Amino acid sequence: MVGTKKNLFGIMKIIFATNNKHKVDEIRSVLPAALEIITLKEAGIDIDIPEPHDTLEDNAREKARTIYRLSKVDCFSEDTGLEVEALNGEPGVKSARYAGENRSFSANIDKLLYNLQGKENRNAHFRTVICLLLNGQEQLFEGICTGKIIEAQQGTQGFGYDPVFVPDGSDRTFAQMTMEEKNRFSHRRKATDGLVAFLNTLYLKQ
Ligand code: IMP
């Protein structure tokens with residue numbers, strides 16, 4: 001059963017409105033056993049979810065509302081951006097399409113490193129906004145991970161800007177970490193913690 005109620009085994013299932021397998025793997029790896037996510041593919045939904053807005057919050061809401069309209073099932077979505085101090089918060093909400101509509105991770109990194117050439121301030125943070133759409137009510141959760149952009153790519157794990165981002169408290173990029181190590185620092189894990197704490201108070205511990 002999918003929805004807000006628990007099944008006979010005490011498990012709550014909810015749709016995660018994304019087509020990004022990396023995000024699914026990361027979020028699944030930090031969820032309690034009592035909470036299962038259904039991917040869009042598993043729910044039989046095959047669409048490119050729109051991200052038309054100027055804020056992570058509005059995009060996260062749009063994604064959750066789009067999937068709810070199609071599925072009529074409670075769901076959550078997330079939108080993440082890399083906000084770089086010396087670039088006035090860019091690429092921010094445009095992180096996926098920074099170098100163009102084809103969403104190439106390597107072209108995005110090349111553009112970022114090019115725009116940061118000669119800049120001393122390499123401070124940046126990832127910010128994740130999760131939007132939960134539950135019983136017709138929307139709830140937002142935020143997670144931030146501060147760190148620095150290094151000058152050349154290091155590591156092969158993860159996705160997106162992971163090869164050039166070193167979180168505060170580490171000397172390695174996210175792409176040099178296992179998923180479990182990345183989870184200790186990550187914006188996505190922090191936002192997911194908020195989601196789980198909220199659901200815990202409502203359902204999981206009943
Ligand atoms: P969106 O939330 O799908 O719009 O993702 C925006 C873009 O940010 C992605 O295409 C990635 O390039 C980047 N991104 C999102 N999360 C992460 C992350 O955890 N590590 C590295 N890059 C990320």
Side-chain angles (χ1 to χ4, degrees), residues 16-30 37 39-41 47-67 75-84 87 89-116 122 124-132 140-150 153-168 170 172-193 195:
F16 178 24
T18 185
N19 288 312
N20 183 324
K21 189 180 174 316
H22 296 281
K23 291 182 178 182
V24 172
D25 290 345
E26 286 187 16
I27 288 190
R28 268 198 176 134
S29 75
V30 295
I37 52 178
T39 63
L40 289 182
K41 202 169 169 203
I47 57 158
D48 193 16
I49 314 178
E51 295 179 334
H53 300 290
D54 292 334
T55 65
L56 298 175
E57 285 79 2
D58 284 347
N59 277 340
R61 281 193 196 93
E62 176 91 21
K63 292 183 203 183
R65 287 174 192 169
T66 301
I67 296 309
C75 64
F76 73 94
S77 65
E78 72 98 90
D79 204 39
T80 295
L82 174 68
E83 301 177 340
V84 181
L87 302 177
E90 277 194 6
V93 71
K94 304 280 182 249
S95 293
R97 298 177 174 80
Y98 193 38
E101 282 304 313
N102 66 353
R103 303 178 180 211
S104 155
F105 290 155
S106 65
N108 286 341
I109 289 180
D110 289 346
K111 180 170 176 182
L112 177 70
L113 294 183
Y114 180 81
N115 287 344
L116 280 175
R122 314 286 296 195
H125 60 260
F126 280 109
R127 193 162 73 88
T128 290
V129 175
I130 287 179
C131 177
L132 172 69
L140 297 181
F141 307 93
E142 183 186 67
I144 291 177
C145 175
T146 59
K148 296 212 173 350
I149 305 299
I150 57 170
Q153 300 194 37
Q154 296 278 340
T156 55
Q157 306 298 309
F159 71 105
Y161 299 91
D162 280 350
V164 291
F165 183 83
V166 174
D168 289 341
S170 176
R172 288 174 303 143
T173 67
F174 273 160
Q176 292 173 298
M177 298 181 183
T178 62
M179 195 187 299
E180 288 66 33
E181 289 171 316
K182 179 177 174 183
N183 283 341
R184 280 189 221 136
F185 301 94
S186 122
H187 42 293
R188 185 162 297 104
R189 196 226 72 226
K190 291 173 186 166
T192 307
D193 285 352
L195 169 75

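One-based numbering, in listed order, for ligands and for the atoms of each. For reference, positions follow the sequence shown, starting with 1. Small disclaimer: the values here were computed from a predicted structure and weren't measured.
- For atom 22 (N) of ligand 1, the closest non-hydrogen atom on the protein side is Tyr161 N, 3.0 Å.
- Each of the following atoms of ligand 1 lies closer than 4.0 Å to a heavy atom of Glu51: 1 (P), 3 (O), 4 (O).
- Those atoms of ligand 1 with a heavy atom of Phe105 less than 4.0 angstrom away are 10 (O), 12 (O).
- Residue-ligand proximity, Glu78 to ligand 1, at heavy-atom distances under 4.0 Å covers atoms 2 (O).
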Practice problem: Output, in order, the C-alpha distance, side-chain angles, deciding distance and verdict of salt bridge (charged side-chain N to carboxylate O under 4.0 Å, His left out) for Lys190 and Asp193. | Solution: CA-CA 5 Å; Lys190 291 173 186 166; Asp193 285 352; over 6 Å; no
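- Residue-ligand proximity: Leu82 is placed with every non-hydrogen atom at 4.0 Å or more from ligand 1.
- Taking every heavy atom of Lys182 and a limit of under 4.0 angstrom, the matching atoms of ligand 1 come to 18 (C), 19 (O), 20 (N).
- Numbered from 1 in the order shown, with element, the atoms of ligand 1 that lie under 4.0 Å from a heavy atom of Ser95 read 6 (C), 7 (C), 8 (O).
- Among protein heavy atoms, the minimum distance from atom 6 (C) of ligand 1 is reached at Thr80 O, 3.3 Å.
- Within the set Ser186, Ala60, Ala96, Pro163, the minimum heavy-atom distance to atom 10 (O) of ligand 1 is found for Ala96.
- Which parts of ligand 1 touch Lys23 is read off a 4.0 Å heavy-atom cut-off, strictly below it: atoms 1 (P), 2 (O), 3 (O), 5 (O).
- Salt bridge Arg127/Glu142: present, at least one basic N to carboxylate O contact under 4.0 Å.
- Ranking the protein heavy atoms by distance from atom 16 (N) of ligand 1 puts Arg188 NH2, 2.7 Å first.
- The shortest contact between atom 11 (C) of ligand 1 and any protein heavy atom is with Gly160 CA, 3.9 Å.
- Here the straight-line distance linking atom CD of Gln176 with atom CD of Gln154 works out to 5.0 Å at 0.5 Å rounding.
- A salt bridge links Asp58 with Arg61; the closest basic N to acidic carboxylate O contact falls under 4.0 Å.
- Between Lys111 and Pro91, every side-chain heavy-atom pair lies at or beyond the 4.5 Å cut-off.
- The closest protein non-hydrogen atom to atom 17 (C) of ligand 1 is Phe159 CZ, 3.4 Å.
- The aromatic rings of Phe159 and Phe105 sit tilted, their planes meeting at an angle between 30° and 60°.
- By the criterion of a heavy-atom distance under 4.0 Å, neither the backbone nor the side chain of Phe174 is placed next to ligand 1.
- Asp162 OD1, 2.6 Å is the protein heavy atom nearest to atom 20 (N) of ligand 1.
- Separation of atoms NZ (Lys41) and OG1 (Thr39) is listed at 7.5 Å; rounding is to 0.5 Å.
- Looking only at side-chain heavy atoms (C-beta outward), Thr128 and Thr192 stay at 4.5 Å or farther from each other.
- Within a 6.0 Å sphere centred on NZ of Lys94, other residues, nucleotides and ligands contribute more than 12 heavy atoms.
- Not a single heavy atom of Asn20 sits closer than 4.0 Å to an atom of ligand 1.
- Counting only non-hydrogen atoms, the option in Arg189, His22, His187 that gets closest to atom 19 (O) of ligand 1 is His187.
- Closest approach of Asn59 and His53 over heavy atoms only: OD1-N, 2.8 Å.
- Annotation for Asn102: atom CG counts as buried by contact number, over 12 foreign heavy atoms lying within 6.0 Å.
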